[in-house]
Every structure is written in structure tokens, then in C-alpha cells.
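Since the structure comes first, as C-alpha cells, the remarks are kept for the end.
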Amino acid sequence: MNKKILLFDGLSIANRAFYGIPLLTNKEGRYTNAVYGFLNIMLSIIEKEKPDLVGVAFDVSAPTFRHIQCEDYKGTRKGMPQELREQIPLLKTVLRAMNIHMMEKEGFEADDLLGTLAKSGERDGYRMVVVSGDRDLLQITSETIELKIPKTKQQGTEIESYYAKDVEAKYEVTPLEFIDVKGLMGDASDNIKGVPGVGEKTAVKLIKTYGSIENLYEHIDEITQKKLKENLVTYKDQALESKMLATIVCDVPLEYTWDEFNLDLTLTEEAEELMKNLEFKKIIARLPRASANKPVEQVEVHTFNGLEEVTGGQVCAMTYAYEADTLELGLAFNSKVGRLSFNLTNTEEVQTLQNFFGNEEGLKVIHDSKQLRHILYPYHIEIKGQVFDTFIAAYLIEPTNETYEISEIADRFLGVQNVESTEGLLGKGKSMKAWLTLEDEVRIKFLTERAHVLDAAYAVLKKEIEDNQMEELFYNIEMPLVKVLFDMEVEGIKVDVEKLKAYGKELDALIENVAEKVYAAAGEAFNINSPKQLGVILFEKMDIPAVKKTKTGYSTAAEVLEKLKDGYPIVEDILAYRQYTKLKSTYVDGLLSVMTDEHKIHSSFNQTITATGRISSTEPNLQNIPIKLEMGKRIRELFIPSSEDYIFLDADYSQIELRVLASLADDQKLINAFNQNIDIHTLTASEVFHVPFEEVTPLERSNAKAVNFGIVYGIGAFSLSEDLKITQKEAAAYIEGYFEKYPKIKDYLDGCVSFARDHGYVQTIFNRKRDIPEINAKNFNLREFGKRKAMNTPIQGTAADIIKLAMVNVHRALQEEGLRSKVILTVHDELLLEVYKPEQEQVAKLLKEKMEQAVDLKVTLSVDVHSGSNWLAAK
DNA sequence: GGAGTGTGCAA
DNA sequence: TATTGCACACTCC
């Protein structure tokens with residue numbers, strides 16, 4: 001079989017792709033649909049046709065010989081939309097990175113290059129396949145030159161294929177005659193005029209009879225239709241010019257060798273980077289890679305027999321699977337891998353595991369060591385010695401990923417794609433129940449492969465940690481914190497269940513009562529919880545003026561209802577209904593649903609979720625327990641120490657984010673104020689509103705407080721005006737006034753934005769990093785959001801670093817001093833401890849000291865410690 | 001039953 | 001058109 005050459009019409013296919021796919025953008029707001037679609041079409045055809053050589057032809061923006069000879073040529077054609085235009089250079093960059101051969105030639109169109117190459121390839125004995133959306137190219141088809149026209153359809157792409165015989169079958173003329181047909185009928189899209197009054201039917205008939213335009217004019221007298229003949233005669237020059245314009249030049253002077261068209265789709269590093277940025281995950285997955293080193297297959301693997309082989313001093317990577325008293329470990333160390341299964345009801349096996357995990361020697365590489373601790377805990381197996389948690393390391397390096405599955409770590413850090421994921425193995429949404437039903441071989445492969453991945457990933461992650469100067473953050477803060485969080489999760493927090501249930505009943509009565517009032521006012525019963533139904537009742541049936549809309553209908557949010565409640569009593573009842581049902585469903589029922597028999601709640605404290613470094617809390621979220629309103633406070637009141645011998649100590653940082661900001665910005669005025677414990681909101685009010693410190697009114701202070709808050713978030717005048725219910729102009733004046741009084745703050749925040757622009761990320765004092773790719777986006781909203789992240793992240797993130805370090809230090813001090821008191825909760829700038837009463841004084845001192853001395857900033861940190869018999873009382 | 005939306009709670 | 005989260009109810013597929 002002859003070799004096959006595939007030639008693409010670059011712009012034409014990009015154009016098809018652009019209009020066939022919705023306007024996609026990447027995180028930076030860059031349009032990507034035409035590039036994405038082009039690659040899809042190109043790869044599909046390459047995969048199907050398996051060509052030996054490939055090339056892509058482009059038009060050059062300079063005028064072609066056709067423009068020079070005929071100034072109307074393509075005169076009616078509209079320029080391409082900007083969204084497409086800007087993708088063309090991007091497409092070329094991507095193709096270049098993929099080493100796909102491209103060609104263009106000044107003075108000629110892509111059609112001419114394609115025609116020239118097709119004919120030349122044919123002469124050299126190749127089978128030629130030209131891919132274009134342009135039917136003009138039908139004229140170059142032959143027995144060995146095929147034209148493929150992709151049609152972007154709803155599902156997938158359908159491709160029409162033409163050889164010369166297909167052209168004849170469909171159009172009744174040969175490919176060459178096709179040119180003459182077009183010369184006579186013209187082509188509106190290219191502004192080729194042809195002969196007036198001659199359409200496709202007549203043109204085909206004439207050319208079928210006479211073979212060409214020239215021959216037609218030789219026999220012009222044979223035309224019997226008077227009008228047709230008249231037009232042909234009148235527009236003879238135009239017909240000949242049209243033919244010239246429609247003729248694809250097949251002898252463009254080109255210098256090339258077919259070697260240049262060699263095809264190697266192996267993903268280059270450059271192409272991978274580019275496609276990652278463009279978020280072409282499916283395309284990346286489709287391409288073969290150079291670095292595909294499958295760890296398990298590549299390394300010589302010696303299986304081992306028992307845990308005793310893992311002796312001290314070595315790095316041992318492990319994965320685990322647990323289901324109903326059966327623990328299976330996949331281990332990788334010293335070029336050995338293996339999998340061992342343990343029956344945890346057997347005391348000898350438990351002893352083996354206790355020895356193994358209790359060994360202080362060596363380094364244990366574990367993915368999600370907190371979870372493994374939970375698995376081992378009921379069997380009194382404790383993990384000792386140094387742990388390198390790949391879950392945490394991967395998060396520090398890329399804190400905005402959605403998940404950190406081992407299979408993704410293999411992909412991202414080792415360039416290995418085909419590692420089985422838990423979800424892939426067990427099926428979506430399945431629990432570990434299915435694990436033990438799998439074949440032994442499957443389980444062995446799964447665990448050993450993943451252990452091997454961690455073994456290899458360890459070196460890469462370790463180096464990344466070092467390259468990013470995150471050693472202190474990782475080894476001294478995040479890793480020790482894992483154990484702190486584990487202990488907090490195990491300890492849990494006690495809730496007065498009886499009182500919680502009683503409160504639930506109380507709420508039920510209130511809800512029923514207020515619902516009746518709402519139904520009476522509405523004139524019918526409906527679901528108040530449904531924003532849709534509520535919107536209809538309020539804004540249609542009752543004709544209350546709608547203030548704001550959401551993308552699906554009327555907004556019924558509290559801020560909207562607040563504005564309406566004076567004129568419409570029903571609105572106040574709806575707000576009350578919302579408040580009561582919120583408390584009942586989220587807090588009373590929600591908390592009861594996760595309560596243990598010991599009346600305890602064990603939340604999960606997640607260390608790999610937030611973009612800024614904060615800890616998050618789930619099942620339940622204990623970081624959003626109500627505090628502001630009286631009704632809500634009653635929930636907080638029900639969180640109590642686990643026994644009479646204990647009391648709560650609650651410690652919270654005073655204005656930690658503003659202090660961090662003052663320190664980072666090196667603003668002496670703010671630093672002095674904080675160091676002298678001056679009320680910061682009063683100071684801001686005095687500065688911004690030009691009133692003496694002593695004369696600041698409560699309203700002024702509260703407004704200044706809102707300004708201070710806003711500064712930390714990268715506020716705009718609009719939002720501040722909404723918040724304070726003032727005009728945008730006034731709000732803008734506040735912000736301007738603030739920056740005038742604190743110019744260093746402004747410099748600092750601007751500096752954050754420009755740092756992000758230059759580096760693509762921002763960082764905290766402990767070098768915690770967050771990528772902000774959208775900082776250079778073209779889309780205004782996206783870019784502005786990026787700026788706010790750039791301003792807020794170093795502040796919020798540094799505060800997170802500080803409290804995390806404080807938690808580690810407090811936890812360590814409690815252990816070292818042999819105290820019974822325990823940290824049980826963290827809420828971003830607050831720690832809640834359950835304190836053994838005899839230790840109260842000592843712990844209060846220790847707590848305040850460790851928190852205030854966690855780091856050395858330009859500003860002092862101040863911690864308030866309160867005690868109480870419940871969480872509310874301790875605030 | 002899962003995904004998306006609206007809503008509301010916290011720092 | 002202010003940062004970071006999580007959870008609930010409803011709606012639609």
C-alpha cells in the first residue's frame with residue numbers, strides 16, 4: 001500500500017470548529033473552542049486514517065495574487081469575529097509545540113498550497129487526503145486525491161469524503177469542469193461574480209455539453225435561449241475572470257521535502273504545558289507520552305513476605321485498604337513491592353502491625369495519614385516516627401486542585417496516566433464494601449501499583465517542597481498538624497442532646513405558627529422553602545414590586561426581603577420562617593444526625609481543601625455554628641465539656657487579619673495602634689471621617705469596621721455602598737480616604753497584584769503559594785476577581801499559617817507537660833479547648849502565650865481567652 | 001439519584 | 001460588583 005499524506009486546511013477547519021462548539025474559555029478567560037475543536041477533528045482523522053505524513057496549510061493575511069488581479073475578490077466576506085481571530089496564533093503555537101508541520105506562502109491561499117502539495121504528492125506516488133470545509137477543493141480530487149469535509153454535528157463529527165468519481169456522481173461534472181461551473185455560476189461567499197442569470201443548474205448543463213468556458217464561447221452561437229446568450233456574451237470577460245479566480249493554483253513554487261511532514265504525536269513537554277493551561281484534559285489523555293514510565297512495570301520488583309523485612313532507617317511508601325476488620329497494605333521500599341493482608345481480630349497480627357507502625361525509625365510515606373490513623377485507632381495501633389504525607393504535600397504544591405487522588409498524583413508528578421483510581425476500581429460513589437469482593441490479583445495490583453506510585457512521587461514532592469522553600473511549612477507546620485487534627489477528630493465535642501431535641505420541638509411550634517400566618521396572608525398554602533413558589537406568591541399574586549432577579553427568577557434572598565418588610569407584613573413572617581427552619585434543619589436535625597451514642601460530634605477537619613490554607617470542617621461543619629442572633633446562640637450554648645471535671649477555654653486572635661496586613665504592609669501607624677491595643681475601628685473612623693478619636697460615634701465606628709473588613713477582601717465602592725447602605729460615591733470617598741491615611745496599605749495591596757501579574761502566584765510568610773492564572777485574563781470580571789484573590793490570599797493565608805503553627809505548639813506543650821486538656825475545635829482565628837479544671841490556670845497561660853508567640857511579626861498578636869461551661873459562655 | 005441553583009451560617 | 005468555606009431544600013434531568 002502506498003504511503004498516505006494528510007493535509008489540513010487550517011483556517012477552514014478552525015472556522016468549522018469555532019461555529020460547531022460553544023465558546024469555551026480557560027480559567028484565564030482565553031477563548032479555546034476553535035483550537036480545541038481543531039485538535040479534536042485533526043486527531044480523530046489521524047487516528048482513523050493513520051497517515052504517514054501530516055501538514056497544515058494556512059492563509060497569509062497579506063493580499064494574494066487574486067486580490068491583486070481583482071480588487072473585489074472576497075470583498076463581501078466579513079472579517080472573522082475577534083473571538084476566533086485571537087485563537088489562530090494560539091492554534092499555530094499549539095501545532096508548533098506538537099511538531100505538526102505547517103506551511104503558508106505569501107501571495108497564495110491555503111487552497112493553492114493544498115492543491116500544489118496534493119498534486120505533487122500524487123506524482124510522488126502517495127495517497128493524498130485533504131481535509132477542508134471548503135468545497136472549492138473538490139476540483140483537485142482525483143483517483144488518489146481524496147477531499148474530506150468534516151461536518152460538526154450535535155454528536156461527534158460526520159465526515160463527507162470525495163474522490164473524483166464522487167464529484168462526478170454528485171455534481172455530474174469532472175473535478176476540473178467543476179472550476180468552469182463555478183466560473184459561470186459565481187460564488188457569492190468569495191464575491192466571484194460569474195455570469196448573471198446563470199445558476200448551478202444552467203452552469204452544469206453548459207459545462208456538461210461544452211466541457212469548458214473557453215469551448216462554450218467557441219460555440220456560443222449554438223445557444224438558443226436569447227437572454228442566456230445575451231448575458232454570456234455581455235459578461236464574457238467576467239466569466240473568464242471568475243474562472244481564473246476559482247482556479248486553485250497547483251504549481252505554487254514551494255520548497256520542501258516530505259520529511260518535514262513527519263508525524264509524531266508523542267506529547268512534548270511544551271505541548272503538555274500549553275494544553276494544561278488551555279485545560280484540554282481530554283486531548284492530553286489522548287496523546288501518547290514520552291515520559292510514560294509505568295512504575296510497577298519498569299522497576300524490577302521483588303515481592304517480600306512479611307513486615308519484618310521493613311526494618312529501620314528506610315523510606316517505606318504504603319497504601320492501604322480497609323474493610324470490616326481486614327486491613328490490606330501495599331508497600332514499596334528498596335525496590336521491593338508487595339501486599340500484605342491482616343486480620344485485625346487476630347491479636348498476633350495486630351501486634352505485628354503495632355510493631356511496624358510503632359517503629360520510630362525510617363520514614364513512612366503515606367497518602368492521607370490522618371485517615372489511616374482513624375483506621376488503626378480502634379485496634380490501638382499508633383503511627384510513630386516520621387511521616388511524609390503525599391496528600392498534604394500535593395496540596396501545598398497545588399492548593400486549588402479539587403482532589404488529590406493517588407492516580408492524579410501519578411499523572412501530575414510522575415507523568416503516568418494509567419494508574420487505577422479508587423473510583424475507577426470500585427465504581428462511582430461506591431463504598432469500600434465492594435473491596436473484598438474483588439479478585440485477589442486485582443487487589444494486589446491495585447495496592448502495589450499505588451504504593452509504587454507514592455514511592456516514586458515522594459522524591460518528586462520532596463523536591464518540589466524544597467524548590468518552593470516550603471520545608472518549614474510542610475515539616476514544621478502541616479505535617480505535625482495532621483496529628484493535632486486527628487486527635488481533635490477523635491476527641492469530638494459533646495452536645496446536650498436532650499436540650500437540643502427540646503429546642504427542636506420549640507422550633508417546630510414556631511415554624512408551624514409562622515407558616516400559618518404566611519399562608520393566611522398569601523391566601524393559600526404553598527412551599528415557603530421553594531424560592532420559585534415564594535417568588536410567584538410575593539411578586540405575582542401579591543404584586544409586591546420585585547427588587548432583584550436571579551438567573552432563574554425573582555430573588556427572595558434576605559437582603560431583598562429586608563427592603564420590603566416595612567410595607568408587607570408577610571415578608572417579616574417569611575424572614576422569621578427562614579430563620580427558624582434554618583436552625584431546625586441545619587443545626588438541630590443536622591447535628592442530631594451525626595451524633596454518637598456518647599452524645600458526641602466528631603467533625604472532620606480537612607487540611608487539603610481551601611485555596612488559602614485555612615482548615616475546613618465537614619460532617620458536620622462546626623465552623624458555622626450561629627453566634628450573631630439570640631435564637632442561634634442557643635445552639636452554641638448546647639456544646640458542652642464532656643464531663644463535670646472539664647471546662648471550656650476559648651481563645652481567639654484579636655483582629656488577626658488586620659494585624660497581619662499592618663505587618664506585611666509595614667504601616668507604622670497601624671502597627672503602633674495595634675501594639676498599644678488601641679481600638680482599630682475607632683482609629684480608622686477617626687482617620688477616615690476626620691473626627692477626634694474620642695468623638696467617634698458608634699455609627700462611625702461601625703462604618704469604619706466595614707471599611708476595614710472590605711480592605712482585607714479587596715473591596716470595591718459598589719459592595720461597600722451596599723453593605724453600608726450609602727451611595728457608591730460616598731463609599732468610594734471612604735475607600736479613597738482610607739488609602740490616603742494608610743498609603744502603605746495601598747502600596748502593599750497594589751504590590752500583591754503586580755507580584756501576581758509577574759509571577760502568576762502569591763504567597764504567605766511561610767511561602768504557602770496560590771496560583772492566580774486569571775490575573776492576566778482578558779475578561780474584566782475574571783481579572784478583577786484575580787486581583788482580589790491576590791490581595792486577600794497573603795493575608796488570609798498568613799493568618800492560617802499562624803493559627804496552624806499555634807495549634808501545633810499548643811498541642812505539643814499540652815503533651816510535653818503531661819496535661820489532660822485537649823484542643824477540640826478550630827474556627828479560623830479561634831481555638832476551643834476542653835480543659836481539665838485543675839489545669840485551667842496553667843492551660844490558659846500556656847494557650848495565650850503559644851498563640852501570641854507563634855510567630856514574630858512587626859506587630860504584636862493579641863489573644864483573648866475566656867472560660868465557660870459551654871461554648872457560648874466561653875466566648 | 002446526581003447536578004445545579006438559591007439560600008444562609010461562620011471567620 | 002468583598003475573601004474563604006459547608007449544608008440544606010428544591011428543581012430538573
Side-chain angles (χ1 to χ4, degrees), chain A residues 399-400 428-429 526-535 548-561 574-575 577-591 593-594 603-606 609-629 631-633 635-636 652-658 661 706-724 728 731-732 735 749 762 770 772 780-782 784-797 799-800 803 825-831 875:
Chain A
T400 46
K428 212 177 164 192
F526 65 100
N527 188 345
I528 309 173
N529 288 321
S530 161
K532 196 174 163 188
Q533 293 182 39
L534 181 60
K548 203 178 142 195
K549 289 207 142 198
T550 65
K551 64 178 85 165
T552 55
Y554 310 106
S555 171
T556 65
E559 56 173 86
V560 171
L561 299 186
I574 290 165
L575 287 168
Y577 175 89
R578 283 250 177 94
Q579 196 196 341
Y580 301 147
T581 52
K582 175 78 179 178
L583 289 169
K584 179 68 164 52
S585 67
T586 301
Y587 297 105
V588 177
D589 295 344
L591 293 178
S593 76
V594 291
S603 176
S604 293
F605 294 102
N606 314 298
I609 298 289
T610 69
T612 53
R614 279 186 175 180
I615 292 161
S616 92
S617 156
T618 50
E619 273 184 301
N621 181 359
L622 290 183
Q623 295 179 324
N624 70 347
I625 301 301
I627 181 102
K628 290 186 175 127
L629 302 174
M631 286 296 286
K633 282 183 182 176
I635 298 281
R636 203 171 268 248
D652 71 295
Y653 281 107
S654 161
Q655 306 296 347
I656 188 164
E657 294 196 340
L658 281 175
L661 173 61
V707 173
N708 278 330
F709 249 89
I711 294 297
V712 170
Y713 298 144
I715 199 175
F718 177 91
S719 311
L720 183 63
S721 71
E722 285 283 302
D723 191 26
L724 294 181
Q728 270 195 64
I735 296 170
L749 294 174
V762 290
R770 176 186 186 178
I772 306 183
F780 176 83
N781 288 328
L782 209 57
E784 290 299 310
F785 193 18
K787 287 185 192 172
R788 296 194 294 270
K789 288 176 185 168
M791 293 187 267
N792 172 262
T793 300
I795 303 170
Q796 195 184 116
I803 192 162
L825 261 186
T826 171
V827 193
H828 311 309
D829 64 356
E830 167 190 358
L831 295 183
K875 280 294 289 183

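What you see below is based on every heavy atom in this structure, not just the backbone, and it leaves out hydrogens, waters and symmetry mates. Just so we're on the same page: letters track the sequence lines, and every chain starts at 1.
Here the side chain of A/Ala611 is nearest to one of C/dC8, C/dT4, B/dC9, namely C/dT4. Of the candidates B/dT5, C/dT4, C/dC6, C/dT4 carries the atom nearest the A/Arg614 side chain, counting heavy atoms from C-beta on. The side chain of A/Arg636 approaches B/dA10 more closely than any other nucleotide in the set B/dA10, C/dG5, C/dT1. Picking from B/dG6, B/dA11, C/dA7 the nucleotide with the shortest atom distance to the side chain of A/Lys551 gives B/dG6. Looking at the side chain of A/Thr618, the nearest of the listed nucleotides C/dG5, B/dT7, C/dA7 is C/dA7. Taking only side-chain atoms of A/Phe718, from C-beta outward, the nucleotide of C/dT1, B/dT7, C/dC8 with the closest atom is C/dT1. Listed nucleotides B/dT7, B/dT5, B/dA11 differ in distance to A/Thr552; the shortest reach to its side chain belongs to B/dT5. The side chain of A/His828 has B/dA11 as its nearest neighbour among B/dA11, C/dA2, B/dG8. Picking from B/dG6, B/dG8, C/dA2 the nucleotide with the shortest atom distance to the side chain of A/Arg578 gives B/dG8. Residue A/Asn529 places its side chain closer to C/dC10 than to any other of C/dC10, B/dA10, C/dC6.
Remark: the backbone N or O of A/Pro620 is paired with a side-chain donor or acceptor of A/Ser603 at under 3.5 angstrom. When atom types are taken as modelled, the side chain of A/Arg636 and the backbone of A/Ile625 share a donor-acceptor pair closer than 3.5 angstrom.
The side chain of A/Thr612 contributes no N or O atom lying less than 4.0 Å from OP1 or OP2 of C/dT4. The phosphate of B/dG6 (OP1 or OP2) has no side-chain N or O of A/Thr556 nearer than 4.0 angstrom. In this structure, A/Arg770 reaches the C/dT4 phosphate: one of its side-chain N or O atoms is under 4.0 Å from OP1 or OP2. OP1 and OP2 of C/dT4 both lie 4.0 Å or more from every side-chain N or O belonging to A/Ser616. Distances shorter than 4.0 Å separate none of the side-chain N or O atoms of A/Lys789 from OP1 or OP2 on C/dA2. Not one side-chain nitrogen or oxygen of A/Asn527 sits closer than 4.0 Å to the OP1 or OP2 atom of C/dA9. Put simply, A/Ser555 has a side-chain N or O that comes within less than 4.0 Å of OP1 or OP2 on B/dT7. A close approach under 4.0 Å does occur between a side-chain nitrogen or oxygen of A/Gln533 and OP1 or OP2 of C/dT11. A/Lys582 has no side-chain polar atom (N or O) that falls below the 4.0 Å cut-off from OP1 or OP2 of C/dC8.
Residue A/Ala706 is classed as a base contact, given a heavy-atom separation below 4.0 Å to a base. Heavy atoms of A/Asp723 sit under 4.0 angstrom from at least one base atom. The residue A/Leu622 sits apart from the nucleic acid: no heavy atom pair falls under 4.0 Å. At a threshold of 4.0 angstrom between heavy atoms, the contacts of A/Ile711 with the nucleic acid are absent. Heavy atoms of A/Glu784 sit nowhere under 4.0 angstrom from any nucleic acid atom. In this structure, A/Ser617 reaches the sugar-phosphate backbone alone: every heavy-atom distance under 4.0 Å involves primed, P, OP1 or OP2 atoms, never a base. Contact annotation for A/Ala799: no contact, since no heavy-atom pair falls under 4.0 Å across all strands. If you check every strand for non-hydrogen atoms under 4.0 Å, A/Ala800 touches nothing. Residue contacts for A/Phe785: at a heavy-atom cut-off of 4.0 Å it reaches the sugar-phosphate backbone alone, with no base atom in range. Counting any heavy atom pair closer than 4.0 Å across all strands shown, A/Ile795 reaches no nucleic acid atom.
When side chains are defined from C-beta on, A/Leu534 does not count as touching A/Tyr554, because their heavy atoms never get closer than 4.5 Å. At least one side-chain heavy atom of A/Glu559 sits less than 4.5 Å from a side-chain heavy atom of A/Lys548.
The distance between atom CG of A/Asp829 and atom C1' of C/dG5, rounded to the nearest whole Å, is 14 Å. Straight-line distance from the CD1 atom of A/Ile635 to the P atom of C/dC8: 13 Å, rounded to whole Å. As a whole-Å value, the separation of A/Lys584 NZ from B/dG8 C1' is 18 Å. In this structure, CG of A/Asn606 is placed 7 Å from P of C/dC6, rounded to the nearest angstrom. The CD-P distance, from A/Glu657 to C/dG5, rounds to 13 Å in whole Å. Computed from coordinates, the A/Ile627 CD1 to B/dC9 P distance equals 14 Å when rounded to whole Å. The CG-C1' distance, from A/Leu583 to B/dT7, rounds to 14 Å in whole Å. Summarising the geometry, the separation between CD1 on A/Ile803 and P on B/dA11 is reported as 12 Å, rounded to the nearest angstrom.
By the 6.0 Å contact criterion, CD on A/Glu619 is open, its count of non-hydrogen atoms from other residues, nucleotides or ligands being 12 or less. Atom CZ of A/Phe526 is surrounded by more than 12 heavy atoms from other residues, nucleotides or ligands within 6.0 Å.
Nearest-nucleotide positions on DNA chain C for A/Asp589 and A/Pro399 put A/Pro399 closer to the 5' end.
Of all heavy-atom pairs between A/Val762 and A/Ile772, the closest is CG2-CD1, 3.8 Å.
Across C/dA2 and B/dG4, the matching P atoms stand 23 Å from one another, rounded to whole Å.
Judged by atom type and distance alone, A/Asn624 reaches the base of B/dC9 through a side-chain donor-acceptor pair under 3.5 Å.
Among residues two or more places apart in sequence or in another chain, the ring-ring contact (aromatic ring centres under 6.0 Å, His included) test is passed with A/Tyr580 by none.
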